[in-house]
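Below: one structure, written as structure tokens.
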Amino acid sequence: MNVTTTAWAITLAAIVVLLIVDFVATRNPHEVSFREAAGWSILYIAAAVVFGVWIWSSYGSQFGAEYFAAYLVEKSLSVVTCTDRTCSS
């Protein structure tokens, strides 16, 4: 798979934009509501799916399937159970 410098630049720029939006939107400390947490989760999951669809369409089904398989593994490993303000994996 040959990835162009332009593709890398666009990918890194998108990551930087997501980080800036996240830092600016959450700069004030506050208790996060379920709705806010769900909104941020949906945003980042949607970004990952859009990126995966781009990989699939640009580089083929093999690389797209590998990306989505790796994403699902990483997402499943990051699931934690939180009860009474304590979290454990």
Side-chain angles (χ1 to χ4, degrees):
M1 174 162 118
N2 289 330
V3 181
T4 64
T5 305
T6 305
W8 278 112
I10 291 170
T11 302
L12 292 174
I15 292 169
V16 169
V17 167
L18 284 172
L19 286 172
I20 290 170
V21 167
D22 194 346
F23 287 140
V24 169
T26 61
R27 67 176 173 249
N28 297 326
H30 64 284
E31 187 170 331
V32 178
S33 68
F34 179 81
R35 183 176 180 158
E36 182 183 358
W40 283 109
S41 293
I42 289 168
L43 172 76
Y44 282 112
I45 291 169
V49 169
V50 167
F51 182 75
V53 168
W54 175 69
I55 292 291
W56 194 296
S57 65
S58 297
Y59 298 104
S61 61
Q62 178 184 352
F63 292 115
E66 288 175 4
Y67 168 79
F68 281 115
Y71 178 76
L72 288 174
V73 168
E74 289 297 323
K75 194 67 176 166
S76 67
L77 291 174
S78 69
V79 174
V80 295
T81 303
C82 297
T83 58
D84 195 32
R85 297 192 187 271
T86 59
C87 295
S88 62
S89 48

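Residue numbers start at 1 and run along the sequence shown.
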### Task
Output the rest of the hydrophobic cluster of Ile42: all Ile, Leu, Val, Met, Phe, Trp and Tyr residues reachable through side-chain heavy-atom contacts under 4.5 Å, sorted by chain and number.
none
### Message
Considering only residues two or more places apart or on different chains, which pairs with a residue in residues 20-30 satisfy side-chain hydrogen bond (donor to acceptor under 3.5 Å, both in side chains)?
### Response
Asp22-Thr26, Asp22-Tyr44, His30-Glu36
### Polar side-chain atom of Tyr67 near backbone of Val53 as donor-acceptor pair, under 3.5 Å
no
#### Entry: Matching residue for Leu19 among Ile15, Val16, Val21, Val17 - test: side-chain contact (heavy atoms from CB on, under 4.5 Å)
Ile15
### Task
Supply the atom-to-atom distance Ser61 OG to Glu66 CD, rounded to the nearest 0.5 angstrom.
9.5 Å
### side-chain hydrogen bond (donor to acceptor under 3.5 Å, both in side chains) contacts touching residues 45-54 (sequence neighbours left out)
Trp54-Ser58
### Query
Measuring from Ile55:CD1 to Thr11:OG1, what's the distance to the nearest 0.5 Å?
6.5 Å
### Task
Look up atom CH2 in Trp8 and atom CG in Leu12, then write down how far apart they are to the nearest 0.5 Å.
7.0 Å
### Query
Rounded to the nearest 0.5 Å, what separation is found between the CH2 atom of Trp56 and the CZ atom of Phe51?
14.5 Å
### Message
Quick check on the hydrophobic clustering: are Tyr71 and Val49 connected, directly or via other members, by side-chain heavy-atom contacts under 4.5 Å?
### Response
yes
### Query
Any side-chain heavy atom of Tyr59 sitting closer than 4.5 Å to one from Val3?
yes
